[in-house]
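Data first, discussion second: the structure below is written as structure tokens.
In what follows, every chain begins at residue 1, and chains take the letters A, B, ... in the order their sequences are listed. Just the heavy atoms: all of them, side chains too, but no hydrogens, waters or symmetry mates, feed the values below.
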Number of protein chains: 2
Amino acid sequence: MIESTVTLLAMRGLQATAFSDVLAHSGAPRGSIYHHFPEGKEQLVDAALELAGERALRVLDTVAGQPPKAVTAHFLDVWREVLKRSGLRAGCAVLAVTVAADSPDLLDHAASIFRAWRRRLAELYVTAGMAEADAIRLATTLVAASEGAVVVSRAERSLEPFELVAQELLAATP
Amino acid sequence: MIESTVTLLAMRGLQATAFSDVLAHSGAPRGSIYHHFPEGKEQLVDAALELAGERALRVLDTVAGQPPKAVTAHFLDVWREVLKRSGLRAGCAVLAVTVAADSPDLLDHAASIFRAWRRRLAELYVTAGMAEADAIRLATTLVAASEGAVVVSRAERSLEPFELVAQELLAATP
DNA sequence: GTCTATACGAAGATAGAC
DNA sequence: GTCTATCTTCGTATAGAC
């Protein structure tokens, strides 16, 4: 169910993701929702954010110790795959929640995930020899530009915008 | 009403922006909605997208003929103002619609606006002496990174991420 | 043009049986 | 644990009076 929620958030946004959609997509039994998530939708979305955030962090572990360009390229690969596998219909669940967040708690959670991504990327850049200030600036730009590129490519239903941004980000990585 | 819709889309997203909110925010009379927008919400949102798109284009007219760095700086200024004036609570209406779009028509409209922004920025860069390929790549990155930076800064409720991205984008502009 | 009242459907949440 | 039924709220949209 959490897995399905991540997917649906990324494809349709927060309000458009109803329990019925999650059940249909996951095949989970109808009566299970409030058993596993007694606090309702907010708890389910919260769990989905956690999963999406952690998964991206784990992907980054595989490039620890590699040069900056490899780090940048790998982070870009994650988003390129999201776009490709969904036929350019999916985006980022964390962004979707940020844009439509009704509760301060969900917004805070989304913020902590963005921060974690930025921090982890900056760490990897520093490990690869970059200066601290350059690392955090590039890491933040990578996160922001990737998120934006996914949105634009999704709207235009073309990978072209994403690839242009990817080129620019790789060029900006020492 | 259209003006209020742009603001509310940028702050709460598509589904969370109800007619009642638009009426309360704009002070428009209740009976006017289906008089002015017989096709309902989709037509209202469509008009809001058009307004947001055109306004950004018009802002860019003021930097026609100036050097690339001035173009980049001015586009960034637009988004910095959106963040500041809203107390870091507002984002981009076009992005909000893209993420939560239920109708293909709205998605197409959002796409055409992103494309128009990219094209106009690229034109300005070319006029300022940049090569065509560099111009379109930088223009696309500027749009994507700005959009993403606004999202991240809004989530974290801090202008810091935006400013880091702004620095990087200015540095990437010849 | 703008008003009120209302139909209609969708979604989150709860209760109680099995 | 999971099911079904139901309650409540809310948002879009329509109808008809003024």
Side-chain angles (χ1 to χ4, degrees), chain A residues 1-52 89-90 93-94 96-110, chain B residues 1-51 90-91 93 96-110:
Chain A
M1 282 174 71
I2 300 176
E3 190 74 49
S4 291
T5 305
V6 172
T7 305
L8 290 170
L9 284 176
M11 290 188 61
R12 316 185 187 187
L14 180 58
Q15 276 88 5
T17 299
F19 279 140
S20 52
D21 299 321
V22 175
L23 293 174
H25 187 269
S26 65
R30 212 178 162 58
S32 314
I33 297 181
Y34 286 91
H35 179 75
H36 296 291
F37 302 96
E39 286 165 51
K41 185 170 179 176
E42 185 158 335
Q43 192 181 0
L44 175 61
V45 171
D46 209 64
L49 283 182
E50 194 62 29
L51 175 63
R89 273 197 290 265
V94 186
V97 170
T98 298
V99 166
D102 34 4
S103 97
D105 289 348
L106 282 180
L107 193 62
D108 283 349
H109 196 178
Chain B
M1 282 174 73
I2 300 176
E3 191 75 48
S4 291
T5 305
V6 172
T7 305
L8 290 169
L9 284 175
M11 291 187 62
R12 317 185 187 186
L14 181 58
Q15 276 87 5
T17 298
F19 278 141
S20 52
D21 299 320
V22 175
L23 293 174
H25 187 270
S26 65
R30 203 170 170 64
S32 314
I33 298 181
Y34 285 90
H35 179 73
H36 295 290
F37 303 96
E39 285 166 51
K41 186 170 180 177
E42 186 158 335
Q43 191 181 359
L44 175 60
V45 171
D46 209 64
L49 284 182
E50 195 61 29
L51 175 63
V97 170
T98 298
V99 166
D102 34 4
S103 96
D105 289 347
L106 281 180
L107 193 62
D108 282 349
H109 196 177

Please name all residues satisfying ring-ring contact (aromatic ring centres under 6.0 Å, His included) with F19(B), sequence neighbours left out, ordered by chain then number.
Y34(B)
Partners of H25(A) by side chain to side chain contact (heavy atoms under 4.5 Å, CB included), sequence neighbours excluded?
S4(A), T7(A), L8(A)
Once salt bridge (Lys or Arg N to Asp or Glu O under 4.0 Å) is applied, do any residues pair with D102(B), and if so which ones, sequence neighbours excluded?
none
List the protein contact pattern of nucleotides 1-17 of chain C with one symbol per nucleotide (5' to 3'): B for base contact, S for sugar-phosphate-only contact, - for none; contact means a heavy-atom distance under 4.0 Å.
SBB-------SSBB---
Non-neighbouring partners of A90(B) that pass side chain to side chain contact (heavy atoms under 4.5 Å, CB included), sequence neighbours left out:
A10(B), M11(B), V82(B), S86(B)
Sequence neighbours excluded, every pair satisfying side chain to side chain donor-acceptor pair (under 3.5 Å) that has a member inside residues 39-49 of chain B:
E42(B)-S103(B), D46(B)-H109(B)
